Amino acid sequence: MANAIVHAAERKAFELVLSQVIKTAGKDGGYLKVIDMAQKFLGDTWAPEAFEKLRTNFGKGQKWANFFDRVLQNIDPDVLKGMFLSFGFEMGYVGYHETRKNAEKYGVNVPWVILFDPTSACNLRCKGCWAAEYSHQLNLSFEDMDRIVTEGKALGTHGYVMTGGEPTIRRDDIFRLAKKHKDCGFMIFTNGTLVDQSFCDEIKACKNILLSLSIEGLETATDSRRGEGVFDKVMATMDLLRENRLPYGTSICYTSQNYQAVTSDEFYDFLIEKGVLFSWYFHFMPTGNNTTMDLVPTPEQREYMYHRVREIRGFEGGKEIFLMDFQNDGEWVSGCIAGGKAYCHINPAGDVEPCVFIHYSGANIHDKSLLECLQQPLFRAYHDGQPFSDNLLRPCPMLENPAKLYKMVHDTGAKSTDMQDPEEVDHLARKVEQYAKDWAPVAEKLWASDHPDYRQKEESEIEGVVF
Ligand code: SF4
């Protein structure tokens, strides 16, 4: 009860400051006041130098001040306030502190964000996507999803991300869930083809739902993978979201084939013109028995991504769009965030997996509480093994340290949860071994060049690759 009163008072205080900030941020010196406020709320999670760096880069006319000017001009202020309350205050501030406290209390990882798949069904038939071939439809019921969020909140988790299948097939349940749990932020990774005006109206009513639209590049690239006419549908959705003054971003899987197309100047200009605020980049992951290494970027291609993303989002130059490349940005989140450290994934069958790309588990939400699922042996092994390398450009126990995933899965007895064609961890680990060997020296060179205190390792010193 006392906690609830403190939470309500803090939320109210945050809301009052936020209203003021939204009114004045774009004015002279406004962003500096926002940074002061952020430091008050987040001062124990970011180093003071990080706030100083922001202060020197948020003057009038500077790149990121221009970006936020655009946000303030183009996004509905009520929606913006709702997003800051749900994603900023509840997920970022309350969630971060509560989950850390509970992680200590229970001695396990407690995630800050939980990804779950409302359904395995999808309205598209994209090449290479398991959902296209999967004949049986699996769903988390509304009650399942409500239970995940309710038990998650009890542990401090206030951020939820929906993947799939195509989550928006379950739109009514999603809106019901978002309205019931106003103290949570919900991000939906969607192909964008089922978004219409009534969908936008619901987002405006909820104010705690953020969309991330998946695209493969421009028209030819998107349609050749997702089907003819899909690009035009996504464009129509982007236009609709912009007309409704809703914030949104994109999610992009980069491969050996499209890495240049999805980082070209033309592509960024096009995204910005469409009102896209952020893009999440995902390195193609070769999970699945039938997935080969052909689409996995080579070390040279991945190095290109490393430099290009930093160039585009730099404080100067680049483009006014926020980018995150999850495989090359391990540095900002202390390496691998899976196994509940910052997030975990629940598939539509209810299996609680360490990561959306790692389909092994020893616990299912239908048999156990969320806390018991987080206490499963595989998650404890993640907890004990993180970070999997002191070079955070080699963060993954699968892609860059396959011997580590191989050992964790064998030691804990976790089973494949691939719903289409279970893949033995031996098969997966052997498949990526050569990639891990080839990437390691490049990662060493890049990490050493950015961290003068780091001693670049010789090939024989690099652990995690060879069995
Ligand atoms: S398991 Fe690999 S892909 Fe998943 S969060 Fe960790 S590093 Fe990223």
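What's counted below: heavy atoms across the whole structure, side chains too, no hydrogens, waters or symmetry copies. Predicted, not measured: the structure shown is a model, and the values here were computed from it. Residue numbers count from 1 along this sequence.
Not a single donor-acceptor pair under 3.5 Å links the side chain of Asp351 to the backbone N or O of Glu353. Judged by distance alone, with hydrogens and angles left aside, the side-chain atoms of Asn401 form a donor-acceptor pair with the main-chain N or O of Cys396 at under 3.5 Å. Proximity of a side-chain donor or acceptor of Ser120 to a complementary backbone N or O of Leu138 within less than 3.5 Å is detected. In this structure a side-chain-to-backbone donor-acceptor pair under 3.5 Å is missing from Glu90 to Phe87. With Asn208 contributing its side chain and Ala178 its backbone, the two residues share a donor-acceptor pair below 3.5 Å. Although no hydrogens or angles enter the test, the distance criterion places no donor-acceptor pair under 3.5 Å between the side chain of Thr119 and the main chain of Pro167. No donor-acceptor pair closer than 3.5 Å links the side chain of Asn139 to the backbone N or O of Ser141. In terms of modelled atom types and a separation under 3.5 Å, the side chain of Asp239 and the main chain of Ala236 share no donor-acceptor contact. The closest donor-acceptor contact from the side chain of Ser279 to the backbone of Gly249 lies at 3.5 Å or more, if one exists at all.
Between Asp196 and Arg171, the closest side-chain pair of non-hydrogen atoms falls below 4.5 Å. Leu18 has its side chain within reach of Leu85: a pair of non-hydrogen atoms, C-beta onward, lies under 4.5 Å apart. At a threshold of 4.5 Å between non-hydrogen side-chain atoms, the residues Met293 and Val432 count as touching. With contacts defined as side-chain heavy-atom distances shorter than 4.5 Å, the pair Phe267/Leu271 qualifies. Between Ser361 and Lys415, the closest side-chain pair of non-hydrogen atoms is not below 4.5 Å. In this structure, the side chains of Phe322 and Trp280 come closer than 4.5 Å at one or more pairs of heavy atoms. You'll find the side chain of Phe278 stays beyond 4.5 Å of the side chain of Met324, heavy atoms only.
For Glu331, the CD atom is densely surrounded, since the number of other residues' heavy atoms within 6.0 Å is greater than 12. A 6.0 Å sphere centred on CZ of Phe231 holds more than 12 heavy atoms belonging to other residues, nucleotides or ligands. Lys407 NZ: 12 or fewer foreign heavy atoms inside a 6.0 Å radius. Within a 6.0 Å radius of CD in Glu424, other residues, nucleotides and ligands contribute 12 heavy atoms or fewer. A 6.0 Å sphere centred on CD of Glu228 holds no more than 12 heavy atoms belonging to other residues, nucleotides or ligands. Heavy-atom contacts from other residues, nucleotides or ligands closer than 6.0 Å to CD of Gln197 number more than 12.
Annotation: cation-pi pair Arg302/Trp439 present, NZ/CZ under 6.0 Å from the ring centroid and within 45° of its normal. Within the cation-pi definition used here (under 6.0 Å to the ring centroid, within 45° of the axis), Arg11 does not qualify as a partner of Phe89. Both tests pass for Arg310 against the ring of Tyr306: distance under 6.0 Å to the centre and angle within 45° of the axis.
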Exercise. Between Tyr254 and Asp325, does a side chain to side chain donor-acceptor pair (under 3.5 Å) hold up when you go through it step by step?
Worked result: CA-CA 10 Å; Tyr254 62 92; Asp325 168 0; 3.0 Å; yes

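Sorted by first then second residue, the side-chain hydrogen bond (donor to acceptor under 3.5 Å, both in side chains) pairs that include residues 71-85, not counting sequence neighbours, are Ser19-Lys81.
The pair Arg308-Asp265 meets the salt-bridge criterion, since a charged nitrogen lies less than 4.0 angstrom from a carboxylate oxygen.
Residue Met91 comes nearest to Trp112 through the heavy atom pair O-NE1, 3.0 Å, listed as atom of the first residue, atom of the second, then distance.
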